[in-house]
Amino acid sequence: MSKMRLRFAPSPTGALHIGGIRTALYDYLLAKKHGGTFILRIEDTDQKRYVEGAEEYIIDALKWCGLEPDEGPGIGGDYGPYRQSERREIYQKYIKVLLDGGHAYYAFDTAEDLDAMREKVKAEGKHTFQYDASTRMQMKNSLSLPENEVKVLLENGAPYTIRFKMPESQTVTINDLIREEVTFSTDDLDDKVLMKSDGLPTYHMANVVDDHLMEITHVVRGVEWLPSTGLHVLMYRAFGWEDTMPRFAHLPLIMKPSPSSYINKKTKEEFAEKFSGEFLRSHDSDFKMDEVKKIAQMVFNNPKDIQSQLKIGKKDDEKKQAVKGFLKDAMYGKLSKRDGDRLGFPVFPLSWEGKSEDDSFVGFKEMGFDPDAVNNFLVFLGWNPGTEQEIFSMDEMIDAFSLERVGKSGAAFDYVKARWYNQQYLMKKDNSTIANELDVLLSEKGMGAHDDFLQGVAGMMKERVHFMPEILEDGYYFFEPVKSYDDKTIQKRWNPERKDKMDALANLIKGIPSFDAGTIETAIKQFMEDNELGFGDVFPILRLAVSGTTQGPSVFDIMALLGQDEVGQRMDTAYQYFDEVKEKV
RNA sequence: GCUCCUGUCGUCUAAUGGCUAGGAUAACUGACUUUCUAUCAGUUGAUGCGGGUUCAAUUCCCGUCAGGAGUUCCA
């Protein structure tokens, strides 16, 4: 078999969704595993949806994930150009092949004509209008119109599209690498537009031509393409390319998190509020917050039974139906860019600044995710190695990956698991590596610290957080004075009657000759024994004095790292504050 | 509506015509910790439903239900 060639072919219509990254990852893994080529192709045939900066975003995102293409725009390769908008002439040339072979025809129906036709058919109570063998002769095209009329239309520059002439009563069987045999009847397929009136091809045309010309051996894409694969196969056949047609592999979709994973007794109010607000923003009719919220509350009332609550009942009025329909769309189905905002997790690899706030998103990178962790998380969304190994380096993934082990059913995006992966990668990192990254984050805030100190912080904090930036948030007290103390604990633990003893303890700490964690611990424990103080009397106070919170790493480690002078100062400041708090009551 | 795809713990999934359906995550409990984490140990929890084939079905077949995707001069 010739060298494996796989392409990742996104559309530059905005930020690249995490599902796209997974597809790219699978393409990359497969290519690398078999010594093949990973190609990036930009499918920018829809100028209406083209978004400035999206192509750069795609390239940057792939780069961040470590999925760098071997061929692509700006990279080069022998099969360029890799931007479909730059391949116009190629498609023009190949559409002629189909036209000449009688596999395609000119259609002069305007978009308005088609809309009207759809309306009409719908009004007649039939389902959807389909442009196919049963209807094409009633439409305005080169099959239904007399030859001379077609000629005149073309000469006069009448706008036209070119449609595929779907054959009648054939079955098309595709052999999907993931789904095995899938069969379609051409009677269910329609005459798809191949060339638009602007002279640019639709996805189907560009895709088949480019995959053939670029000698793509394997097409890995989402299942949303499965229904049109029948058409694609017929096109390869019409072109006479069937013997070099790529193998297809249709990936399961990444789905929204299951509502049961985030709606519970505690959160149902919050989500009722949130979803209602969103509903109102997208429906500028006469809905009132109260009534919308009431419906949402009713639906969320039994978190285990949301799905059946969302079914439209016969008694439901129009408003109720609208709200239920909205909720269903918002809570079920494939993962969408909106879900990130709704549920508080990233859906894009990198942050994206769109024209509006609605079109701006925080990325995995900016949330503090490690790209290796993201890849590891993503590879498991739809694939598994069949072993019990959970953590995979890129090389291990390349080695272990195979399409045979890709599942068929959609996988729900699980943010909790994504966090777990990130923590695993964080804990695995060297303290010195983390220190370097912390240093960067600190300097962004105009702060800094010595490497040894940062390594110490890294060692103490890395297993207590899920993301690198959290080290600086949760452990801010390593870098600046305590900002706030946990007053509740002060109330409970600060006993003014024991003031002398606590002063003595502070003095003891200030006077410890060798200020390392072990010595500090021994000294304090000795002091507690001598003064008949329990753990509960001393440790919470020390923690509070040093860090303001009762949570965190060993208090002795914190002290040793901060140093004797700093700890002494913090104790003085804290004691003073503790007294004030106590007096207030 | 029509076409296609898919149904295993809450979630991601493994496995098999036959031992107690395995792992991970989450939840809960315990141990270790002054605390939070991490770690270790443990607990709870699944084959959508109905029928058929079979000595035996989660696995094969049929039906049904549910979910998803497609049905654009979008990709």
Side-chain angles (χ1 to χ4, degrees), chain A residues 9-11 13 43-46 48-49 107 109-111 114-115 118 122 125-130 159-163 176 178-179 182-185 187-190 192-198 200-204 206-207 221-230 250 252-253 255 257-262 264 303-304 307-308 332-334 377 380-390 405 407-421 423 427 460-466 474 489 524 534-543 549-556:
Chain A
S11 248
T13 55
E43 308 224 327
D44 54 349
T45 55
D46 186 357
K48 290 191 292 293
R49 295 215 302 158
D109 321 88
T110 63
L114 292 170
D115 281 344
R118 289 192 190 99
K122 213 174 167 186
K126 289 185 205 142
H127 314 301
T128 334
F129 168 71
Q130 192 162 287
Y160 63 86
T161 62
I162 297 172
R163 286 182 181 266
D176 192 272
I178 293 170
R179 281 149 221 282
V182 182
T183 305
F184 300 94
S185 163
D187 292 337
D188 298 321
L189 270 21
D190 63 344
K192 278 268 176 299
V193 171
L194 262 22
M195 292 297 275
K196 298 179 274 190
S197 54
D198 62 5
L200 281 168
T202 58
Y203 173 86
H204 308 291
N207 188 263
R221 60 190 0 174
V223 253
E224 66 267 30
W225 292 111
L226 188 53
S228 41
T229 306
H250 288 95
L253 252 23
M255 310 298 283
S258 148
S260 59
S261 71
Y262 57 90
N264 52 51
K304 284 181 186 156
Q307 201 136 24
S308 59
Y332 296 93
K334 67 174 175 181
F377 165 66
F380 270 92
L381 242 34
W383 171 86
N384 78 85
T387 65
E388 288 181 4
Q389 186 177 349
E390 302 273 335
R405 295 207 65 89
K408 296 177 186 171
S409 49
F413 182 90
D414 183 356
Y415 186 55
V416 175
K417 195 117 183 199
R419 282 163 52 95
W420 178 79
Y421 270 110
Q423 185 183 39
M427 287 194 299
M460 280 183 231
M461 294 300 290
K462 67 179 178 185
E463 68 190 30
R464 282 164 227 275
V465 298
H466 288 91
D474 293 0
T489 307
I524 291 176
F535 287 143
D537 300 325
V538 175
F539 288 109
I541 294 295
L542 288 178
R543 285 191 158 281
T549 164
T550 52
Q551 299 180 353
S554 156
V555 71
F556 310 114

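No experiment lies behind these values; they were computed from the predicted model shown. Naming convention: chains lettered A, B, ... in sequence-line order (proteins, then strands); numbering from 1 in each chain.
If you take atom C1' in B:rC65 and the same atom in B:rA56, they sit 27 Å apart, rounded to whole Å. B:rU29 and B:rU44 have their P atoms separated by 15 Å, with the value rounded to a whole Å. Going from the C1' atom of B:rA75 to that of B:rG18 covers 49 Å, rounded to whole Å. Of the P atoms belonging to B:rC12 and B:rU47, the separation is 15 Å, rounded to the nearest Å. Distance noted for atom P between B:rA57 and B:rG48: 15 Å (whole Å). Nucleotides B:rU8 and B:rU53 place their P atoms 27 Å apart, quoted to the nearest Å. For the P atom pair drawn from B:rA66 and B:rC49, the interatomic distance equals 15 Å after rounding to whole Å. Taking atom P on both B:rA69 and B:rU54, the two are 40 Å apart, rounded to the nearest angstrom.
Residue A:Phe184 is the one, among A:Phe184 and A:Phe539, whose nearest nucleotide of RNA chain B lies closer to the 5' end (criterion: closest heavy atom). Nucleotides of RNA chain B nearest to A:Glu390 and A:Gln551 differ in position, and the one nearer the 5' end is that of A:Glu390.
With a cut-off of 3.5 Å on both pairing distances, the Watson-Crick or G-U wobble partner of B:rA69 is B:rU3. The partner of B:rC74 cannot be assigned: no Watson-Crick or G-U wobble pair with both contacts below 3.5 Å exists in any strand. Partner assigned to B:rG30 is B:rC40, using Watson-Crick or G-U wobble distances below 3.5 angstrom. Across all strands shown, B:rA24 pairs with B:rU11; the Watson-Crick or G-U wobble distances both stay below 3.5 Å. Using N1 to N3 plus N6-O4 or O6-N4 for Watson-Crick, or N1-O2 and O6-N3 for G-U wobble, each under 3.5 Å, B:rC55 pairs with B:rG18. Figure legend. B:rG63 is base-paired to B:rC49; pairs are counted as Watson-Crick or G-U wobble with both atom distances under 3.5 Å.
Using modelled atom types, no side-chain atom of A:Thr45 and backbone atom of A:Leu200 make a donor-acceptor pair closer than 3.5 Å. A:Arg405 places a side-chain N or O within 3.5 Å of a backbone atom of A:Asn384 that can act as its donor or acceptor partner. Of the possible polar contacts, one joining the A:Ser11 side chain to the A:Glu43 backbone as a donor-acceptor pair under 3.5 Å is found. Using modelled atom types, no side-chain atom of A:Arg49 and backbone atom of A:Asp44 make a donor-acceptor pair closer than 3.5 Å. At distances below 3.5 Å, at least one donor-acceptor pair connects side-chain atoms of A:Asp537 with backbone N or O atoms of A:Gly534.
Within 4.0 Å (heavy atoms only), A:Asn207 reaches no atom of the nucleic acid at all. At the heavy-atom level, A:Arg179 lies under 4.0 Å from the strands shown only through sugar-phosphate atoms. Residue contacts shown for A:Val538 are absent, as no nucleic acid heavy atom lies under 4.0 Å away. When heavy atoms are screened at a 4.0 angstrom cut-off, A:Lys462 is found touching no nucleic acid atom at all. Note on A:Thr183: only backbone sugar-phosphate atoms sit closer than 4.0 angstrom, heavy atoms only; bases stay farther off. Within 4.0 Å of A:Thr550, counting heavy atoms only, lies at least one base atom of the nucleic acid. A:Thr161 comes within contact range of at least one nucleobase, with a heavy-atom separation under 4.0 Å. Looking at heavy-atom distances under 4.0 Å, A:Pro553 makes contact with a base.
For the pair A:Gln423 CD and B:rA24 P, the interatomic distance rounds to 16 Å; values are reported in whole Å. We find that CG of A:Leu114 is positioned 15 Å from C1' of B:rC74, with the value rounded to whole Å. Rounded to whole angstrom, the span from the CE atom of A:Met195 across to the P atom of B:rA75 amounts to 12 Å. Between the C1' atom of B:rG10 and the OH atom of A:Tyr262 lies a distance of 13 Å, rounded to the nearest Å. Nucleotide B:rG1 holds its P atom 15 Å from the CG atom of A:Asp188, rounded to whole Å. For the pair A:Gln389 CD and B:rA24 P, the computed distance is 14 Å after rounding to whole Å. Going from atom OH of A:Tyr421 over to atom P of B:rA24 covers 12 Å, rounded to whole Å. Distance A:Trp420 CH2 to B:rA27 P: 14 Å, rounded to the nearest Å.
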Can you name the atoms? Protein N/O to nucleotides 12-15 of chain B N/O, anything below 3.5 Å, with the distance.
from	atom 1	to	atom 2	distance (Å)
B:rC12	OP1	A:Ala412	N	2.9
B:rC12	O2'	A:Phe380	O	3.2
B:rU13	OP1	A:Gly382	N	3.2
B:rU13	O3'	A:Asn384	ND2	2.8
B:rA14	OP1	A:Asn384	ND2	2.5
B:rA14	O3'	A:Arg405	NH2	3.3
B:rA15	OP1	A:Arg405	NH2	3.4

Protein-nucleotides 61-71 of chain B N/O pairs under 3.5 Å:
none

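A:Tyr415 has its ring centre no less than 6.0 Å from the ring centre of A:Phe377.
Checking B:rG10, B:rU34, B:rC74 against every side-chain atom of A:Arg49, the shortest atom distance belongs to B:rC74. Among B:rA24, B:rC5, B:rC73, the nucleotide with an atom closest to any side-chain atom of A:Val182 is B:rC5. The nucleotide whose nearest atom lies closest to any side-chain atom of A:Arg118 is, among B:rC36, B:rU72, B:rG10, B:rU72. Checking B:rU6, B:rC74, B:rU39 against the side-chain heavy atoms of A:Met427 singles out B:rU39 as nearest.
Taken from CG in A:Asp109 to OG1 in A:Thr161, the straight-line distance is 7.0 Å, to the nearest 0.5 Å. In this structure, A:Arg464 CZ and A:Met427 CE are separated by 11.5 Å, a value rounded to the nearest 0.5 Å.
Contact of the A:Phe535 side chain with the A:Pro540 side chain is not registered, since no non-hydrogen atoms from C-beta on lie closer than 4.5 Å. Inter-residue side-chain proximity for A:Val538 and A:Ile524 is flagged as met; some heavy-atom pair is nearer than 4.5 Å. Side-chain atoms of A:Trp225 and A:Asn207, non-hydrogen and from C-beta on, never get closer than 4.5 Å to each other.
Within the structure, a side-chain polar atom (N or O) of A:Thr45 is placed less than 4.0 Å from OP1 or OP2 of B:rA75. One finds no side-chain N or O of A:Lys408 lying less than 4.0 angstrom from the OP1 or OP2 phosphate oxygen of B:rC4.
At a cut-off of 3.5 angstrom, the base of B:rC73 holds at least one donor-acceptor pair with the side chain of A:Ser197.
Partner of A:His250 under the side-chain hydrogen bond (donor to acceptor under 3.5 Å, both in side chains) criterion, out of A:Arg221, A:Lys408, A:Glu224, A:Arg179: A:Arg221 alone.
One finds no salt bridge joining A:Asp414 and A:Lys417 here, because no Lys/Arg side-chain nitrogen approaches an Asp/Glu carboxylate oxygen to under 4.0 Å.
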